[in-house]
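Below: one structure, written as structure tokens.
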Amino acid sequence: MSKYGSLNSMQQEAVAYTEGPLLILAGAGSGKTRVLTYRTAYLIEEKGVNPYHIMAITFTNKAAGEMRERIDKLVGFGSEGVWVSTFHSTCVRILRRYIERLGYDNSFTIYDADDQKALMKEVCRRLQIDTKIYKEKNFLGVISSAKDGLVSPEQFARQARGDFVRERQAAVYREYQAMLQKNNALDFDDLIGKTVELFEQVPEVLANYQERFRYVMVDEYQDTNTAQFRLIELLAGKYQNLCVVGDDDQSIYKFRGANIQNILSFEEIYPNAKVVRLEQNYRSTQNILDAANGVIAHNIARKDKALWTDNGQGSRIDFRQLDTAYEEADYIIRDIQGKVQGGKGSYGDCAILYRTNAQSRLFEERLVVANMPYRIVGGVNFYARKEVKDLLAYLKTIDNGSDDLSVRRIINIPKRGIGATTIGRVQAYAEEQGLSFYDALQQVDDIQAIRKAGGKIRPFVNFIQVMRSKLEYLSVSQVLQEVIDGTGYVKELEAENTEESRARIENIDELLSKAFAYDEAAETPTLSGFLEEVALVADIDSLQEGSDYVVLMTFHSAKGLEFPHVYMAGLEDGLFPSYMTILSDDLADLEEERRLCYVGITRAMSDLSITCARQRMIRGEMQYNTVSRFVQEIPRHLLGRGKTAALEKSQKEVQPQSFREAVSKVKPIFSTRNTYQSRNVSFPSANTSKATLEYQVGDRVAHMKFGEGTVSQIVEGGRDYEVTVDFDKVGTKKMFATFAKLKKV
DNA sequence: GTTAGAAACAATCCT
DNA sequence: TGTTTCTAAC
């Protein structure tokens, strides 16, 4: 048991209890991933369980990847047999094998949010519903929660009887589902729901998986919804060796169907369940934990627990209210700069957390000006960008001809002169004949209404057919390359030659390299396989540990992560907690928001900084907010500046008054042609004297991150030079000489 | 059929 | 404020 000696007694108990249901209530930072990995090792090495019989399920690819890595390290031989995967990937893998039993084709497509919206638009058109009055998003929300709760269209219709509004929703749900099936597509919720349906309708398939997965472990159990709960229940139904890990205080996904009852009543559902509590925190200082405990104690509906740590008191929590959101961003970025320059940590140790993605913009602006390395998680997904989606739609069309949505998306990309009229005619013909859109295109000669346009359609159909015939001997990246060449997509962008079009080409290159990486890594690469991998990645998955950049993300995305220095921004009533929850008449909404705050606080290891602004622009309107009620819930003695004197001094410089003073002094001296910069730039530390530059306009220079490029402009900006460089790989960037550390080559 | 410019509308949070 | 959709002119 030597390997397990490094675990505390509760952790050991959880590791060694292998038979029957087990609930591990793991507080934030209590080492739950550690327990899960050691438990897997224990099963294999001490209990002689075949790795093939063990399954560990998480929510994100990142979490799965981490667990995979740690298990491999710990177990060594045979560990690759353990099934470590996310809910969605697991289900896709099962469905790819068996979904034909439910009347779908095994090469089904997965629809993302954009696709869903487009499909819903079509549904509303068919049902003659005015989308000005009844929003697509609304219907999609209703359907999504129905699916999360395993309510079928038929059940929904039955429950809706007599209620006019619900009846219409039922009709939309039915049509939506029918069209998904016709397109041979599944939406995200279907992945789970259809797997449950498969297990319930085809007992032999279920029996097969029950026999395989004799030991099931589920991470972040508090986030499971009804469908996921049912899935787990079915899988573990035979052997009952179900180990779930979670923390009810970190349940923050009610809006996507998470049912907190799954964890709260685990002991009722499995009366013989053993419960282990992990309450020792290994991550944060006592002050940070006290703050977190202070906040969460205001929630009523929770399992009582108290986190403690050996880590010592640590510094106090730095709280500051700034005048505007701009000053808030300035303050935080200056503080990070101070920490890095003061040797207290690297950029990678710092995370800025906020409630809404929109808040990231201000920080990004400042970070660019300050020339600090950063990475924003979330926002617009890479795979949701136009150019990427266009190319993927080609791949989907080649892979699955029933996917009308994809075909319609690309039929006129690049421009082939096929407009709305022609598409409408093809559509009408397809509906009349009961064909898919693509099949109708193939029979274009038989469509009476189309004469001239036929000549424009035929080359498109030809192209797709040729690509399909090449599938056998081409790799995914080769197929993609041929699509790019055949359509002239990149050529067109090159001709445009704008900053935007260059960025798009870059994205396409990135897509190509992802396809290439997939070809290399996958055991048996297929087009379907690539498309599904692409559909299931989340932005957070690509976050690499050990990279040296400031990370920006929402509180939601931060769950499961930890950083030495955490900045919680925008703690204002109305923003966090949001107006939605403040005005809600369901008290549970505010409690969920409070849990989100708890999650944020407990991400911090050594330093926590909380900020808010008196006024900020929201949707073009000025909003005046007071300090968040959550801040008031932190015991007062924990707030303040427990930092070194040196750092405090540097912080003073960014105080609104002195900052403005500094600017007003500076402005008249230097020319007005650069007013924007004189006003907004956060200056490098005061004692940086303006060094002479070793390069001038026209010189070749090298940058740590951006590679090589040519200097196109140098502007004197007071204490520093603003240098514009045309980089070979990443395009034109403006930067300050002091930070950029450009080397002449 | 295509395009640009104006009007309308909109943000929680995510796999 | 930023994005999507609509409208009118090419």
Side-chain angles (χ1 to χ4, degrees), chain A residues 57-64 85-92 110-114 116-118 121 131-132 135-137 140-141 144 147-148 186-193 220 223-225 227-228 251-258 325 353-362 365 377-381 383-384 386 411-424 452-453 456 532-541 553-560 570 574-584 589 592-593 595-597 599-600 616-623:
Chain A
I57 284 204
T58 65
F59 275 87
T60 65
N61 294 301
K62 183 172 192 288
S85 181
T86 66
F87 271 102
H88 291 92
S89 313
T90 298
C91 288
V92 171
I110 301 166
Y111 277 1
D112 69 10
D114 284 347
Q116 283 179 282
K117 207 177 155 206
K121 217 172 182 178
T131 53
K132 282 231 170 78
K135 298 271 166 342
E136 295 101 321
K137 248 183 76 182
L140 285 170
S144 177
K147 287 182 175 180
D148 288 343
L186 300 186
D187 65 20
F188 254 83
D189 301 311
D190 278 342
L191 296 179
I192 315 287
E220 306 280 16
D223 289 334
T224 51
N225 62 32
Q228 287 156 339
S251 160
I252 55 171
Y253 281 114
K254 188 175 158 204
F255 72 90
R256 71 176 190 204
L353 309 182
Y354 36 77
R355 178 67 235 265
T356 64
N357 279 309
Q359 284 168 266
S360 68
R361 216 164 243 123
L362 275 180
E365 272 171 32
V377 175
V380 194
N381 190 323
Y383 293 104
K386 270 188 205 73
I411 177 103
N412 199 28
I413 294 177
K415 303 257 161 2
R416 297 184 175 91
I418 304 169
T421 329
T422 312
I423 292 174
K452 282 180 284 177
K456 296 166 178 168
E532 116 196 1
E533 197 173 285
V534 152
L536 296 181
V537 294
D539 206 22
I540 192 85
D541 298 334
M553 65 183 122
T554 62
F555 292 113
H556 281 92
S557 304
K559 195 175 62 149
L575 188 60
F576 189 34
S578 69
Y579 278 121
M580 301 274 234
T581 52
I582 292 176
L583 298 177
S584 160
D589 289 342
E592 170 137 326
E593 200 86 342
R595 288 193 291 272
L596 187 58
C597 183
V599 167
R616 73 170 66 234
M617 285 285 239
I618 295 199
R619 267 192 279 161
E621 256 177 306
M622 194 58 83
Q623 212 175 74

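Per chain, numbering begins at 1; letters A, B, ... match sequence-line order.
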> So what does A/Asn412 hit on the nucleic acid, given a heavy-atom distance under 4.0 Å: a base, only sugar-phosphate, or nothing?
Replying inline: sugar-phosphate
> Under a criterion of less than 4.0 angstrom to any heavy atom of chain A, what are the 5'-terminal and 3'-terminal contacting nucleotides of DNA chain C?
Replying inline: C/dT1 to C/dT5
>> Could you check, using the six-membered ring where one of them is a Trp, whether A/Phe576 and A/Phe555 have ring centers closer than 6.0 angstrom?
In response: yes
> Quick one: side chain to side chain contact (heavy atoms under 4.5 Å, CB included) partners of A/Asp589, sequence neighbours excluded?
Replying inline: A/Lys254, A/Thr581, A/Ser584, A/Asp586
>> So A/Asn357, base contact, sugar-phosphate only, or nothing? Heavy-atom distance under 4.0 Å.
In response: sugar-phosphate
> For atom C1', what is the distance between C/dT5 and B/dT12, given to the nearest Å?
Replying inline: 23 Å
> What nucleic acid atoms does A/Thr581 come within less than 4.0 Å of, heavy atoms only: base, sugar-phosphate, or nothing?
Replying inline: nothing
>> Using a 4.0 Å cut-off to any heavy atom of chain A, which nucleotides of DNA chain B are the first and last in contact, reading 5' to 3'?
In response: B/dG1 to B/dT15
> Listed by chain and number, what are the salt bridge (charged side-chain N to carboxylate O under 4.0 Å, His left out) partners of A/Lys456, not counting sequence neighbours?
Replying inline: none
>> Holding to salt bridge (charged side-chain N to carboxylate O under 4.0 Å, His left out), I want the full list of residues that pass it with A/Asp148, two or more places apart in sequence or in another chain.
In response: none
> For A/Glu533, which residues count as a salt bridge (charged side-chain N to carboxylate O under 4.0 Å, His left out) partner, sequence neighbours excluded?
Replying inline: none
>> Please compare A/Arg619 and A/His88 by the position of their nearest nucleotide in DNA chain B and report the one closer to 5'.
In response: A/Arg619
>> Within the 4.0 Å heavy-atom criterion, would you say A/Phe255 contacts the bases, only the backbone, or no part of the nucleic acid?
In response: base
> Who are the side chain to side chain contact (heavy atoms under 4.5 Å, CB included) partners of A/Asn357, not counting sequence neighbours?
Replying inline: A/Tyr354, A/Thr554
> If you look at every strand shown and take non-hydrogen atoms under 4.0 Å, does A/Thr58 touch a base, only sugar-phosphate, or nothing?
Replying inline: nothing
>> Applying side chain to side chain donor-acceptor pair (under 3.5 Å), can you list everything that pairs with A/Arg616, at least two apart in sequence or on another chain?
In response: A/Glu328, A/Glu572
>> Which residues pass the side chain to side chain contact (heavy atoms under 4.5 Å, CB included) test with A/Ile423, not counting sequence neighbours?
In response: A/Arg408, A/Ile411, A/Ile418, A/Phe437
> When we call it a touch if two heavy atoms are under 4.0 Å apart, what does A/Ala538 touch: a base, just sugar-phosphate, or nothing?
Replying inline: sugar-phosphate
